[in-house]
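Remember, it's 1-based here, ligands and their atoms both numbered in the order they're listed.
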Amino acid sequence: MTITYKDSEGIAGMRLAGRLAAELLDYLTPFVKPGVTTNELDRLAEEHTAKVLGAISAPLNYAPGGHHPYPKSICTSINHQVCHGIPNDKPLKKGDIVNIDVTVIKDGWHGDSSRMYMVGEVSVAARRLCHLTYEAMWRGIMQVKDGAYLGDIGHAIQTFAEGHGLSVVREFCGHGIGRHFHEEPQVLHYGKPGTLDQLKAGMTITIEPMLNAGRKEIKELGDGWTIVTKDHSLSAQWEHTVLVTPTGYEVLTQSANSPAVPAFVTAAA
Ligand code: MF3
Ligand code: CO
Ligand code: CO
């Protein structure tokens with residue numbers, strides 16, 4: 001899949017898909033409580049996507065490069081699960097942290113976003129990991145503008161994460177996005193400034209760092225999808241879909257009830 005550049009019509013399509021992804025996460029928020037199963041969240045997401053948003057869930061039956069089809073409409077990754085957790089019938093419990101990752105297709109355009117949810121009261125360490133990962137994502141987003149390098153994004157995220165004693169997962173990355181779920185380029189969450197491809201206005205990419213409280217190594221479970229930390233340490237992830245503009249960036253996956261943009265971002269704007 002090559003890099004695609006969105007014209008004004010493509011940008012309008014991506015803005016709508018992005019907003020709907022954010023609105024789906026808003027819709028799910030009050031349901032994320034002790035006792036709810038991730039299958040119930042999946043069912044609610046599928047129903048809301050189809051009936052209210054008039055959109056399609058991209059993950060359902062997604063089968064990149066001959067991989068066996070993903071069986072659900074959302075990904076729910078709990079505690080030491082890094083990403084691609086498959087919803088099931090086990091209830092969430094107080095103290096869990098869960099990433100919900102949604103991707104909607106609206107008029108052929110994809111909007112991809114994920115957030116961390118804290119189930120009831122969680123440990124200080126879990127809360128810290130969620131907050132620092134959110135900040136890391138924004139440190140990456142702030143690098144985005146026409147002419148910046150992909151390595152600038154990775155470097156900003158890696159130095160922030162490692163500076164706080166967290167590790168960066170290497171095997172999964174952000175990506176170009178548009179009429180296809182996963183397009184070029186790959187957006188690494190580690191790297192060196194001034195390296196790799198340059199961003200150009202009209203590109204739409206995701207930034208979606210996965211940070212571990214322990215070591216960076218991961219493994220895949222026998223279900224062929226779920227990724228967990230090898231040392232079973234906690235992992236967190238946040239994701240936005242972002243448009244590259246001539247002067248900076250526009251975050252497309254925002255909505256009325258998105259978590260607040262960090263103060264250091266608004267102060268820089
Ligand atoms: N939403 C994930 C991403 O951010 C991809 C999930 S693929 C799936 O790229 F098949 F697991 F849904
Ligand atoms: Co993504
Ligand atoms: Co995603």
Side-chain angles (χ1 to χ4, degrees), residues 1 3-4 14 17-26 28 38-39 41-42 45-46 49 55-78 81-88 98-106 109-117 133-134 136-137 140-141 144 150 153-154 157 168-189 203-211 218 220-228 235-244 251-255 258:
M1 208 40 245
I3 296 179
T4 63
M14 288 298 291
R19 181 165 56 77
L20 296 186
E23 287 178 3
L24 176 56
L25 290 171
D26 290 349
L28 292 173
T38 44
N39 264 346
L41 297 173
D42 180 71
E46 178 57 37
T49 300
I56 295 167
S57 303
L60 186 62
N61 296 318
Y62 185 59
H67 207 281
H68 79 264
Y70 187 76
K72 299 282 176 171
S73 297
I74 61 175
C75 297
T76 52
S77 305
I78 302 160
Q81 297 179 347
V82 174
C83 62
H84 304 167
I86 302 174
N88 62 26
V98 53
N99 173 275
I100 302 182
D101 192 340
V102 303
T103 308
V104 303
I105 310 171
K106 180 72 172 181
W109 299 101
H110 289 69
D112 189 6
S113 186
S114 80
R115 299 180 191 163
M116 292 304 297
Y117 295 81
T133 306
Y134 185 61
M137 172 187 68
I141 291 170
V144 173
L150 284 167
I153 299 173
I157 293 169
V168 179
V169 171
R170 303 295 204 269
E171 290 83 350
F172 297 89
C173 56
H175 48 92
I177 182 168
R179 289 204 174 273
H180 298 270
F181 195 162
H182 293 105
E183 303 183 355
E184 279 176 28
Q186 293 195 21
V187 181
L188 302 181
H189 302 118
M203 288 171 65
T204 46
I205 59 172
T206 72
I207 297 180
E208 48 180 302
M210 283 141 275
L211 302 188
I218 55 145
E220 187 182 286
L221 295 187
D223 62 19
W225 280 103
T226 309
I227 305 298
V228 300
S235 188
Q237 179 179 27
W238 290 81
E239 177 177 23
H240 269 315
T241 298
V242 178
L243 168 70
V244 183
V251 176
L252 302 179
T253 37
Q254 274 179 311
S255 57
S258 294

*Considering only non-hydrogen protein atoms, determine which one is nearest to atom 2 (C) of ligand 1 and report residue, atom name and distance to 0.1 Å.*
Asp101 OD2, 3.3 Å

*Quick check, are the ring centers of Phe172 and His84 under 6.0 angstrom apart?*
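Under 6.0 Å, so yes.
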
*Determine, step by step, whether Asp26 and Arg19 satisfy the salt bridge (Lys or Arg N to Asp or Glu O under 4.0 Å) criterion, reporting the C-alpha distance in whole Å, the side-chain angles of both residues, the deciding distance to 0.1 Å, and the verdict.*
CA-CA 10 Å; Asp26 290 349; Arg19 181 165 56 77; over 6 Å; no

*Charged tip of Arg179 within 45° of Trp109 ring normal and under 6.0 Å*: yes

*May I ask you to check whether His182 brings an N, O or S atom to under 2.8 Å from the Co ion (ligand 2)?*
no

*Do the side-chain N and O atoms of Thr226 and Gln81 include a donor-acceptor pair separated by under 3.5 angstrom?*
no

*For Asp112 and Thr206, test the side chains for any donor-to-acceptor distance below 3.5 angstrom and give the result as yes or no.*
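Side chains of Asp112 and Thr206: no pair found under 3.5 Å.
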
*Using non-hydrogen atoms of the residue, decide whether Thr103 is closer than 4.0 angstrom to ligand 1.*
yes

*May I ask whether His67 places a heavy atom under 4.0 Å from ligand 1?*
no

*Looking at the Co ion (ligand 2), which N/O/S atom of Glu239 is the nearest one?*
OE2

*Partner of His175 under ring pair (Phe, Tyr, Trp, His ring centres under 6.0 Å), chosen from His182, His110, His189*: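 Of the listed residues His182, His110, His189, the ring pair (Phe, Tyr, Trp, His ring centres under 6.0 Å) partner of His175 is His182.
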
*At the Co ion (ligand 3), what's the angle from Asp112 OD1 to Asp101 OD1, rounded to 10 degrees?*
100°

*Glu208 near the Co ion (ligand 3) via N/O/S, less than 2.8 Å*: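 Looking at Glu208, which is the residue asked about, there is no N, O or S atom under 2.8 Å from the Co ion (ligand 3).
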
